[in-house]
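Working notes, beginning with the structure itself.
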Protein chains: 2
Amino acid sequence: MDGPLETRELAYFLAVADDLHFSRAAARLGIAQPALSKTIQKLERRLGVVLFERNSRTVTLTPAGQVLAREARHALDAVDAAARRTRRADTGDPHLILAMKAGGDAGLLSPILAACDREPCSLPVRVIFHTDRVRLLRDGLADAALLYSPAEDLSGLDTEPLLTEPLMAVLPASHPLAARASLRTADLRDENVHGQRGPTTGPEARSLTELLQLVALGQTVAMVPRFVTTPLRHDLACVPVTDAQPVTLLLAWPAHSTSPAIAALARAASAASPGR
Amino acid sequence: MDGPLETRELAYFLAVADDLHFSRAAARLGIAQPALSKTIQKLERRLGVVLFERNSRTVTLTPAGQVLAREARHALDAVDAAARRTRRADTGDPHLILAMKAGGDAGLLSPILAACDREPCSLPVRVIFHTDRVRLLRDGLADAALLYSPAEDLSGLDTEPLLTEPLMAVLPASHPLAARASLRTADLRDENVHGQRGPTTGPEARSLTELLQLVALGQTVAMVPRFVTTPLRHDLACVPVTDAQPVTLLLAWPAHSTSPAIAALARAASAASPGR
DNA sequence: GCCCATCCATGCCGTCAGGTTATCGATCGC
DNA sequence: GCGATCGATAACCTGACGGCATGGATGGGC
């Protein structure tokens, strides 16, 4: 009834919570089903809480189980990140890893890195290009990232805003709306709009260049922050969308970080951003 | 060399990291010293990283160890919070716990709670008064809190700003500076200033009333946000400090929360704040 | 309506991780 | 140099965790 939860218990719980099936979950974990059942029971006894409703034919999460599913994922992320960051701290080659989307720095990266170099306590910065930068941060695979708000979930991160710019619609140059000085989201209602957020119908774009290629082919219309639209292919046009929330480019890092090197990078970013 | 870290290992590691003494740490943990030594060695082997420098007379943290000390604390906090929130979610009496400093709500609490009541998915809100509200949040003992920025560390929290007001110096009515229309921080250089932040010399104040009592006695001068200065004792005066950063009162909650009840409270706070 | 398939819980047993005590080796203060 | 202190090592013991076999409940097929 007491004592802290073990990560093994949480991982087992999440396995069951994920496919709501003890036998399959056990197989995925590489253990036998009874062992899993017993561990879950023990976890429930220890918490004093029923986590699953077992109807002998179907398994469902109780409300408390839903809470634990969310919290456990967060806790395990934190544990894994602890291990990764510790390993990284031990390499003889100390450096920071900055994650960004290729072309998504609005030209600010160079001045930031230059300013960082002049900061005391700074470390060499290695840049990696990746789409899911938030995950890299949470998993401890990157130390900082260039993110977009409000497109991305910033919870658990500390941030330094760099630049705020309106959303632009990117259209084929020949598109009837391309000549307009500005648009409203309603104008694009009938288009197949590809944004930064959420899934849309139609073809998927893996990178900005791919996305713009699709726009040029007339298969979609893109809504992107202004700072990724320069320079623009000559067969495309971009028009501000006045009633869309503007996008902020920001530097983000794990919230509880106390590393002086991260602090130096944040100071550099603040100094190099056009805001000041 | 693989597999996730266990919370037991992290807790043991932190015990050693805390007093840098294996025998004492083992005693505190209620185990024998060899068991602790072996567990730490195993942890080091598993991470592939030396965490302590043992000089057979003194134990110190390596740089990697310092990183792990920080990260492990965070991870264990997350695990403990997971257990607490799960237990709380199971009680038959669902409610939110809001932590605040007594008198620190600028009169906004009532309208917020009233607005919350009208929100769908809202839960009854129970208010507790406590100084270290950030800790309550991180430990899962509170679901939301009224905090002050920049006085408090908001990392890992989501926030909704409610009100921004200048810092005021609170002085005895008879103080030479009390008649001034405004002050600058330099004017208070020679005073024994008690703020919200950091330790100062002189007597400690546990509550706002205590603090104001000390001011009335001429033992200190207080710097506090304006919204806690009304009404003010008649023997005190308050004067805005023009070059101090203004203070924002905000509602905060754990960043990764997805609870609809918290969302309802946040919406209510946003609706009831004078900002809109 | 019976029977079988499915799926989680239980009982029993073996193994190893994690604990204990005893002891060693190294270092510092006197 | 000697004793005291402290972490590492050695040898051993116990119980938690996992495996296998089986039970019990439920739903679907014929």
Side-chain angles (χ1 to χ4, degrees), chain A residues 1-62 64-65 68-69 72 76 79 83, chain B residues 1-62 64-65 68-69 72 76 79 83:
Chain A
M1 199 76 73
D2 64 305
L5 307 183
E6 283 301 323
T7 58
R8 187 184 53 87
E9 299 175 302
L10 294 179
Y12 284 12
F13 165 77
L14 280 185
V16 179
D18 276 346
D19 54 19
L20 296 176
H21 196 291
F22 279 73
S23 305
R24 269 200 298 274
R28 258 198 318 145
L29 292 169
I31 63 172
Q33 167 261 317
L36 182 56
S37 284
K38 280 190 284 192
T39 302
I40 299 294
Q41 288 170 36
K42 184 172 173 181
L43 177 61
E44 291 181 320
R45 244 180 299 121
R46 193 185 293 197
L47 286 168
V49 163
V50 178
L51 299 171
F52 295 103
E53 214 64 68
R54 292 91 146 168
N55 267 348
S56 163
R57 200 64 187 174
T58 166
V59 175
T60 56
L61 278 168
T62 63
L68 185 60
L76 288 186
V79 172
Chain B
M1 198 74 76
D2 64 305
L5 307 184
E6 284 301 323
T7 59
R8 187 184 52 87
E9 298 175 302
L10 294 179
Y12 284 12
F13 166 77
L14 280 184
V16 179
D18 277 345
D19 56 20
L20 296 176
H21 196 290
F22 279 72
S23 307
R24 269 199 300 275
R28 257 196 322 146
L29 292 169
I31 64 172
Q33 168 261 318
L36 183 56
S37 284
K38 277 195 290 186
T39 301
I40 299 293
Q41 287 170 37
K42 183 172 171 179
L43 178 62
E44 290 181 320
R45 246 180 300 121
R46 194 185 292 198
L47 286 168
V49 163
V50 178
L51 299 170
F52 294 105
E53 214 63 67
R54 292 92 148 167
N55 268 349
S56 166
R57 200 64 187 176
T58 167
V59 175
T60 55
L61 278 168
T62 63
L68 185 60
L76 288 186
V79 172

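Quick note on labels: first sequence line is chain A, next is B, and so on, each numbered from 1.
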Calculate the interatomic distance between [X] atom [atom1] and [N] atom [atom2]; express it in whole Å.
X     : N     : atom1 : atom2 : value
B/I31 : D/dG7 : CD1   : P     : 13 Å
B/R45 : D/dA8 : CZ    : P     : 12 Å
B/R54 : D/dT9 : CZ    : C1'   : 13 Å
B/E53 : D/dG7 : CD    : P     : 14 Å

Does any N or O in the side chain of [X] come within less than 3.5 Å of the main-chain N or O of [Y], such that one atom is a donor and the other an acceptor?
X     : Y     : value
B/R46 : B/P4  : yes
B/Q33 : B/F22 : no
A/T7  : B/L5  : yes

Applying side-chain contact (heavy atoms from CB on, under 4.5 Å), run through A/L43 and A/Y12 and close with a yes or a no. CA-CA 10 Å; A/L43 177 61; A/Y12 284 12; over 6 Å; no
Would you mind reporting whether B/L47 and B/L68 have side-chain heavy atoms less than 4.5 Å apart?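 The answer is yes, as the side chains (C-beta and beyond) meet within the 4.5 Å cut-off.
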In the structure I gave you, are the side-chain heavy atoms of B/T62 and B/E44 within less than 4.5 Å of one another anywhere?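 Not touching, per the 4.5 Å side-chain cut-off.
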Find the bend of the helix from C/dG1-D/dC30 to C/dC30-D/dG1 as the angle between its two terminal axes (five pairs each), to the nearest 10°.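 For the helix from C/dG1-D/dC30 to C/dC30-D/dG1, the axes at opposite ends meet at about 20°.
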Taking only side-chain N and O atoms of B/R57, does any of them lie within less than 4.0 angstrom of OP1 or OP2 on D/dT5?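 Answer is no, no contact under 4.0 Å.
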Within the 4.0 Å heavy-atom criterion, would you say B/A32 contacts the bases, only the backbone, or no part of the nucleic acid?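 Base contact - B/A32 has a heavy atom under 4.0 Å of at least one base atom.
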Which part of the nucleic acid does B/F52 contact within heavy-atom distance under 4.0 Å: base, sugar-phosphate only, or nothing?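 Here B/F52 touches no strand at all.
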First encountered from the 5' end of DNA chain D, between A/N55 and A/E9: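 The 5'-side residue here is A/E9.
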Tell me which residues in residues 33-44 of chain B put a heavy atom below 4.0 Å from DNA chain C, sorted by number, or none.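 Heavy-atom contacts with DNA chain C come from B/P34, B/A35, B/K38, B/T39, B/K42.
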Sequence neighbours left out, what passes side chain to side chain donor-acceptor pair (under 3.5 Å) with B/T39? Give chain and number order.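 So B/T39 forms no side chain to side chain donor-acceptor pair (under 3.5 Å) with any residue.
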Partners passing side chain to side chain donor-acceptor pair (under 3.5 Å) against B/R57 (at least two apart in sequence or in another chain):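 Partners of B/R57 by the side chain to side chain donor-acceptor pair (under 3.5 Å) criterion come out as none, since no residue qualifies.
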Distance in Å, A/Q41 CD paired with A/L51 CG, rounded so as to fall on 0.5 Å steps: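 Answer for the CD-CG pair, A/Q41 versus A/L51, is 11.5 Å.
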For B/L20, check side-chain contact (heavy atoms from CB on, under 4.5 Å) against everything at least two apart and list the hits.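 Testing B/L20 for side-chain contact (heavy atoms from CB on, under 4.5 Å), a comparison that skips the adjacent residues, returns B/F52, B/V59, B/L61.
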Along DNA chain C, first and last positions that approach a heavy atom of chain B under 4.0 Å: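 Range of nucleotides touched by chain B: C/dA17 to C/dC28.
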Determine the sole option in B/D18, B/L36, B/I40 for which the side chain to side chain contact (heavy atoms under 4.5 Å, CB included) test with B/F13 is passed.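 Of B/D18, B/L36, B/I40, side chain to side chain contact (heavy atoms under 4.5 Å, CB included) with B/F13 is met by B/I40 alone.
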